[in-house]
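Shown next, in structure tokens, is the structure this report addresses.
Ligands are counted one by one from 1 in listed order, and the atoms in each one are counted from 1 as well. Everything quoted here is computed from the prediction, not taken from an experiment.
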Amino acid sequence: MSLLQPQLPDRLKSMSDEDVHALIAASKAKLGDRCVILGHHYQRDEVIRHADHTGDSLKLARIARELERTPYIVFCGVHFMAETADILTSPAQEVSLPDLQAGCDMADMAETWDVEAAWDEAMAALATKERDAGKENRIVPVTYINSKASLKAFVGNHGGTICTSGNARAVIEWALARGEHLFFFPDQHLGRNICKAMGFDPETDMILWDPKKPLGGHTTEKIRAARIWLWQGHCPVHALFTLHQIKKIRAESPETRIIVHPECAMEVVDAADLSGSTEQIIRAIESSPEGSRWAVGTEKHLVERLAASHPDKVITSLNPYTCLCGTMNRISARHLAWVLDDLVQGRPMRNRITVDEKTAAASRVALDRMFTLN
Ligand code: 13P
Ligand code: SF4
């Protein structure tokens, strides 16, 4: 999702970096507890240093939900995270995304109308006497939180829920205990990696649903036989980590441990020592002994920050050419200064992200299900 971002005022564009940071600090002091800045781990250092809370998508969603008395939330992350914060807060609270072009390429790979069409096709493929008799709960839809609010509403309206990379296993176990089939959106890799870790066979138990093809590219028999249907979406950033890179590190530095995000391809996750959300990656590295060596398969700003904050450990990116989430990194300190300064001047909140109440209500159903699971 990419919205039109207004130009920053010339005054801010020409300000020195130091003055920008001073303006942010002064604005924060003036706003006090009326404003909270949330920062995802992939944000630039110049932004994350001003965050009141940092975290992965799960942690930040939990924090947003608890900020009941904070009128202004500035979300330094991507669009779906700001939407989720708006869904989880009251209409009196306002959420801003400092650069409206900070979208998520993966979230854009599952348009809700495509999902609705696929759902109808899948239901038709499963049509049996039981379903005709009203047994509707045979497919449980789960969307990764990296998705549009309308898709979250869709799963909420169809008995499903939402997961993050930090809780995906508990959520998928819940879905598979409830339904005969799991329809998982939009990240095929997260779905495949978690289901494989649960003992499902990627060849026989899972199919990849291509939204551009009728019936996702499968026969009715194949759809009926597979327990898990994975939407054909992926993260272009995590696609840059490969098995070849892992083999090279294993050959050159066998003592180096390899930890990757579960948005990486299955062969990469299988060959790594560990996989987990950004928060889980941080915890694993923090708790490792002095002198540990790590190769990390996730976005470059987090890897560089980990390396800088743990000089007693050797921390490098699994991909030597580094992997950058270009949309996440659209937000700069200047954008943050702009949003905060406008609030201080008493102007309406810049770049407000709002989800209409009907969509928000259905999305909340799905998110509340997720929060009760973990
Ligand atoms: P986390 O759940 O680890 O925050 O990951 C979100 C994300 O967008 C990773 O690409
Ligand atoms: Fe989306 Fe990938 Fe960027 Fe995460 S790293 S926000 S999944 S494009």
**Side chain, backbone, both or neither: the part of H238 lying under 4.0 Å from ligand 1 by heavy atom** = side chain

**Request:** Run the numbers for me: atoms of ligand 2, each under 4.0 Å from some heavy atom of E263, listed by number.
**Result:** 2 (Fe), 7 (S)

**Item:** Distance filter under 4.0 Å to D105 heavy atoms, resulting ligand 2 atoms
**Value:** 8 (S)

**Atom CD of E290: over 12 foreign heavy atoms under 6.0 Å** = no

**Message:** Testing the 3.5 Å rule here: is there a donor-acceptor pair between the side chains of S288 and W294?
**Reply:** yes

**Fill in**
One finds that the ligand 1 atoms under 4.0 Å from a non-hydrogen atom of T278 are 1 (P), 3 (O), 4 (O)

**Prompt:** Is E66 salt-bridged to R62, going by a charged N under 4.0 Å from an acidic O?
**Reply:** no

**Prompt:** How far is atom 2 (O) of ligand 1 from its nearest protein heavy atom, and which residue and atom name does that atom have?
**Reply:** S165 OG, 2.6 Å

**Fill in**
If you scan protein heavy atoms around atom 10 (O) of ligand 1, the nearest is E263 OE1, 2.9 Å

**Presence of salt bridge, D33 and R69, under 4.0 angstrom** = no

**Asked** Can you find a pair of side-chain heavy atoms, one from H261 and one from T278, that are under 4.5 Å apart?
**Response** yes

**Asked** In terms of residue, atom name and distance, what is the protein heavy atom nearest to atom 5 (O) of ligand 1?
**Response** H261 NE2, 3.2 Å

**Message:** Suppose I only count heavy atoms of C235 and a 4.0 Å limit; which atoms of ligand 2 are within that range?
**Reply:** 2 (Fe), 5 (S), 7 (S)

**Message:** Just so I know, are the side chains of D187 and N146 near enough to count as touching, which here means a heavy-atom distance under 4.5 Å?
**Reply:** no

**Asked** Which protein non-hydrogen atom lies closest to atom 4 (O) of ligand 1, naming both residue and atom, and how far is it?
**Response** H40 NE2, 2.6 Å

**Request:** Go through the side-chain N and O atoms of H301 and Q43 and say whether any donor and acceptor fall under 3.5 Å apart.
**Result:** no

**Heavy-atom gap E299 to ligand 2 smaller than 4.0 Å** = no

**Request:** Indicate if the distance from atom 3 (Fe) of ligand 2 to the nearest N, O or S atom of C325 falls below 2.8 Å.
**Result:** yes

**Asked** Where is the nearest protein heavy atom to atom 1 (Fe) of ligand 2: which residue, which atom, and how far?
**Response** C104 SG, 2.4 Å

**Fill in**
Residue, atom and distance of the protein heavy atom nearest atom 6 (C) of ligand 1 read S57 OG, 3.4 Å

**Prompt:** Would you say the side chain of M81 lies within less than 4.5 Å of the side chain of M328, judging by non-hydrogen atoms?
**Reply:** yes

**Item:** Salt-bridge criterion met for R334 and E46 (N-O under 4.0 Å)
**Value:** no

**Asked** Does atom CD of Q345 have more than 12 heavy-atom neighbours, drawn from other residues, nucleotides or ligands, at distances under 6.0 Å?
**Response** yes

**Contact atoms of ligand 1, heavy-atom distance to S277 under 4.0 Å** = 3 (O)

**Message:** Taking a cutoff of less than 4.0 Å between a non-hydrogen atom of the residue and any ligand atom, is Y42 in contact with ligand 2?
**Reply:** yes

**Asked** Are any of the N/O atoms in N146 less than 3.5 Å from those in ligand 1?
**Response** yes

**Prompt:** Considering only heavy atoms of D56, which atoms of ligand 1 have at least one such atom less than 4.0 Å away?
**Reply:** 1 (P), 3 (O), 4 (O)

**Request:** For Q232 and K212, run side-chain hydrogen bond (donor to acceptor under 3.5 Å, both in side chains): C-alpha distance rounded to whole Å, both residues' side-chain angles, the deciding distance at 0.1 Å, then the answer.
**Result:** CA-CA 10 Å; Q232 193 168 317; K212 292 185 288 306; 5.9 Å; no

